[in-house]
Protein chains: 2
Amino acid sequence: MEAITIKDIARALNLSTSTVSRALRDSYEINPETKRLVIEYAERLNYRPNPIALSLKENRSRVIGVIVPQIANNFFSNVINGIEAIAYSRGYYVIIFQSHESYERELATVQQVVDRKADGLLISLSSSTSDVSHLRLLQEKKLPIVLFDRVSSELAIPSVTADNFGGAFAATEHLILTGRRRIAHVTIPPYISITQERLAGYRAALEKYGIAYDEQLVRYASFGESEIGPIIDELLTQSPDAFFAASDRLAIGCLAALKKRNIAIPEAVSLIGFTNTPLADLLAPPMSTVEQPALEIGQTAAGHLIDLIEGKSGQLNSETVRIPTRLILRASS
Amino acid sequence: MEAITIKDIARALNLSTSTVSRALRDSYEINPETKRLVIEYAERLNYRPNPIALSLKENRSRVIGVIVPQIANNFFSNVINGIEAIAYSRGYYVIIFQSHESYERELATVQQVVDRKADGLLISLSSSTSDVSHLRLLQEKKLPIVLFDRVSSELAIPSVTADNFGGAFAATEHLILTGRRRIAHVTIPPYISITQERLAGYRAALEKYGIAYDEQLVRYASFGESEIGPIIDELLTQSPDAFFAASDRLAIGCLAALKKRNIAIPEAVSLIGFTNTPLADLLAPPMSTVEQPALEIGQTAAGHLIDLIEGKSGQLNSETVRIPTRLILRASS
DNA sequence: TTGTAAGCGTTATCAG
DNA sequence: CTGATAACGCTTACAA
């Protein structure tokens with residue numbers, strides 16, 4: 001793995017390193033002949049500048065740190081996909097970290113991002129993060145940050161999320177318009193922004209149609225839980241006539257639980273649609289979905305972050321960008 | 001983001017940088033009192049060594065490059081999960097790249113890994129990669145490499161895969177034992193190792209039970225294709241009594257296509273089980289699965305790579321480790 | 001026990 | 001047009 005350096009070229013061509021450096025960067029003050037010589041030689045030996053040396057010199061790493069609660073999650077892996085697309089096209093590398101929904105690990109992980117001298121940070125908060133002072137600290141240190149998906153209103157940091165309110169509103173309205181009145185809502189932990197936004201959308205739709213909000217119809221499931229059967233059981237005592245699940249995982253768990261209990265399934269709507277459309281079609285008879293624009297969230301967030309890093313940020317300061325969701329209706333059978 | 005350096009500490013304490021450096025690394029030749037002073041001061045100011053400077057000095061980056069065909073894929077994101085777990089616990093960072101199933105992008109991406117001075121490479125080949133000389137070249141340059149999942153027999157490089165042969169054999173045998181004789185096999189592109197291994201397992205099971213191998217019952221679907229309906233139609237002309245799909249995506253597409261055509265679904269077996277067990281249960285009536293140990297593949301591959309990097313590699317040289325798969329039967333309804 | 005100096009690969013400043 | 005030299009942060013002979 002012995003790489004060739006500017007020094008090697010200089011020695012071979014009997015030039016100084018500075019001349020070689022200039023020639024390679026196509027400086028105007030270099031003799032065209034010398035330039036040609038250097039460039040040819042460099043190409044022949046497949047010279048590649050050492051990015052680590054550059055980082056040290058320029059005090060920047062061209063690396064973006066990304067922290068997600070979990071990688072092995074359809075939504076987040078698609079977001080990462082979007083982030084990478086933009087990052088690589090603009091000359092940045094991406095280092096991915098997971099907080100595993102733990103506040104402590106989020107802290108440690110943020111520290112790693114700082115230690116590694118990332119030029120910027122993209123983060124989606126863990127579900128157990130309520131104190132956000134670690135991010136405020138970074139902000140004060142002028143590290144460019146963009147929040148995505150799980151954001152925080154306590155932070156004046158630019159954010160990118162799906163239009164959770166709108167998606168939840170559309171989903172709930174759809175259920176109401178098809179005649180349901182007792183719509184159960186199975187959702188994710190309460191202390192994260194998206195849960196609140198979805199709940200608000202759900203409530204707003206109920207209100208619009210004069211349906212009273214019933215606390216008994218709402219249940220929160222932690223991310224850890226694998227079995228949501230008990231939660232469905234609780235909800236069933238409230239005789240709901242439809243389910244609105246806040247995630248794929250919950251929608252699937254919900255359908256599975258109902259099926260296991262041989263209960264005729266009302267219509268279920270899942271927020272956060274499947275990227276995997278054939279799968280959603282397969283489960284369709286009782287289920288419509290709200291598609292979440294994971295890719296676009298990633299692209300937008302990465303774009304903003306790089307703008308911030310490069311000082312090209314218009315005045316997008318702590319604004320929250322909301323990417324529209326799409327309701328995909330599937331006929332009931 | 002002005003970080004504190006050894007220089008700052010030296011200046012503040014009226015010491016030389018080397019003394020500070022030694023004190024921080026707890027060198028024996030430093031006065032305990034000085035040591036205490038330095039360490040205390042460093043902690044108070046939250047000093048963190050600059051990893052970039054270290055990399056430059058030590059000519060290593062403590063970074064592992066990982067190249068997968070796609071991130072947004074249940075299998076690969078779980079593998080990455082396993083890789084990260086091991087890498088972080090052993091002090092390495094992970095940079096993830098995607099080849100997007102393209103040979104050209106794989107080349108470019110491998111180059112990036114080299115340029116970034118990764119200490120090692122974990123790679124799963126793109127489906128369009130047949131020429132593997134780019135990896136042979138790296139190998140000659142002594143870059144530690146471990147292949148996983150999509151490996152190559154042309155390369156004497158340590159590899160980690162699932163027991164694809166065994167999984168396919170078990171799946172096929174299960175179908176045979178429940179009375180099927182014309183088992184269709186929908187699979188992924190032919191030029192990758194896993195396809196061949198699975199096909200071999202399928203054929204071996206047929207042979208064991210004296211069932212003739214029928215080429216007409218095997219179809220290859222590219223990763224790009226979203227609609228596998230036509231392929232299922234072709235297979236249906238062969239009146240199969242079971243399906244053995246080589247991936248989740250194909251299994252789901254297969255079930256969906258059959259359902260759309262209102263065809264009574266025989267039993268289907270999907271290789272590469274769902275990480276998402278409730279989903280598999282939901283789709284169960286006609287489907288059993290072969291679970292692929294994604295996490296373990298990642299952990300094992302990362303472990304081997306780091307052993308190689310640190311020179312602790314026993315004599316695992318170009319061996320292929322096969323992680324067992326697990327057949328999960330689900331009752332037909 | 002501590003300090004000086006060189007070096008990792010690169011670029012920028014300042015002289016020639 | 002080209003060459004020394006210093007600097008980025010850190011470690012490590014080698015001196016003192």
Side-chain angles (χ1 to χ4, degrees), chain A residues 1-39 41-42 45-63 91 112 114-119 141, chain B residues 1-43 45-63 91 112 114-119 141:
Chain A
M1 284 279 54
E2 291 316 301
I4 156 156
T5 75
I6 264 187
K7 254 186 190 165
D8 299 326
I9 303 182
R11 200 175 315 124
L13 265 44
N14 249 313
L15 290 168
S16 74
T17 57
S18 33
T19 304
V20 173
S21 174
R22 287 189 191 101
L24 288 172
R25 349 197 62 245
D26 203 22
S27 163
Y28 64 98
E29 42 180 9
I30 293 286
N31 184 316
E33 178 56 14
T34 313
K35 216 181 261 183
R36 197 184 53 72
L37 228 61
V38 170
I39 293 179
Y41 188 83
L45 268 74
N46 197 25
Y47 165 79
R48 303 273 170 172
N50 181 334
I52 295 177
L54 277 173
S55 288
L56 183 59
K57 183 131 233 323
E58 299 175 357
N59 199 30
R60 49 129 75 191
S61 56
R62 288 206 159 270
V63 162
Q112 309 228 42
V114 173
D115 290 354
R116 265 273 144 182
K117 301 261 182 282
D119 292 343
K141 286 192 193 161
Chain B
M1 283 283 56
E2 291 315 302
I4 154 156
T5 74
I6 264 187
K7 253 186 193 165
D8 299 325
I9 303 181
R11 202 175 313 125
L13 265 42
N14 250 310
L15 289 169
S16 73
T17 57
S18 40
T19 304
V20 174
S21 173
R22 288 188 190 105
L24 289 172
R25 351 197 62 244
D26 203 22
S27 162
Y28 65 97
E29 43 181 7
I30 293 285
N31 183 317
E33 178 58 11
T34 314
K35 216 181 260 183
R36 197 185 53 72
L37 229 60
V38 171
I39 293 178
E40 252 172 27
Y41 188 84
E43 288 199 335
L45 267 73
N46 198 23
Y47 164 79
R48 302 276 171 170
N50 181 332
I52 295 177
L54 275 175
S55 289
L56 184 58
K57 180 125 235 322
E58 300 176 356
N59 199 30
R60 50 131 67 190
S61 56
R62 288 207 158 270
V63 162
Q112 308 228 42
V114 173
D115 290 353
R116 266 273 144 183
K117 302 262 181 278
D119 292 344
K141 287 191 193 162

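By convention in this document, chain letters (A, B, ...) are assigned in the order of the sequence lines, proteins followed by strands, and residues within each chain are numbered from 1.
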[X] has an atom [atom1]; how far is it from atom [atom2] of [N], in whole Å?
X	N	atom1	atom2	value
Glu58(B)	dG9(D)	CD	P	17 Å
Ile52(B)	dG9(C)	CD1	C1'	13 Å
Glu33(B)	dT2(C)	CD	C1'	15 Å
Ile9(B)	dT2(C)	CD1	P	15 Å
Asp115(B)	dG9(C)	CG	P	15 Å
Leu56(B)	dT12(D)	CG	C1'	15 Å
Ile6(A)	dA12(C)	CD1	P	11 Å
Glu29(B)	dA15(D)	CD	P	15 Å

[X] vs [N]: side-chain N/O to OP1/OP2 distance below 4.0 Å:
X	N	result
Lys7(A)	dC8(C)	yes
Tyr47(A)	dT10(C)	yes
Lys57(B)	dA6(C)	no

Checking the side chain of [X] only, and the main-chain atoms of [Y] only, is there a donor and an acceptor separated by less than 3.5 Å?
X	Y	value
Ser16(B)	Thr19(B)	yes
Lys35(B)	Ser27(B)	yes
Lys141(A)	Ala3(B)	no

Between Ile6(B) and Leu24(B), is a side chain to side chain contact (heavy atoms under 4.5 Å, CB included) present by the stated rule, with each step listed?
CA-CA 9 Å; Ile6(B) 264 187; Leu24(B) 289 172; 4.1 Å; yes
For Lys117(B) against Asn59(B), the heavy-atom pair lying closest together:
CD-OD1, 4.5 Å
Testing the basics here: between Arg62(A) and Asp119(A), what is the closest heavy-atom pair and its distance to 0.1 Å?
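Closest approach of Arg62(A) to Asp119(A): N-OD2, 2.6 Å.
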Selection from dC1(D), dT2(C), dT11(D) that lies nearest to any side-chain heavy atom of Thr34(B):
dT2(C)
Can you figure out which of dT1(C), dT10(C), dC10(D) approaches the side chain of Asn31(B) most closely?
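From the listed options, dT1(C) comes nearest.
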What residues in residues 14-24 of chain B put a non-hydrogen atom under 4.0 Å from any atom of DNA chain C?
Asn14(B), Leu15(B), Ser16(B), Ser18(B), Thr19(B), Arg22(B)
If we only count heavy atoms from C-beta on, is the Pro32(A) to Arg36(A) side-chain gap below 4.5 Å?
no
Under 4.0 Å between any heavy atoms, over every strand shown, what does Pro32(A) touch: base, sugar-phosphate, or nothing? Just pick one.
sugar-phosphate
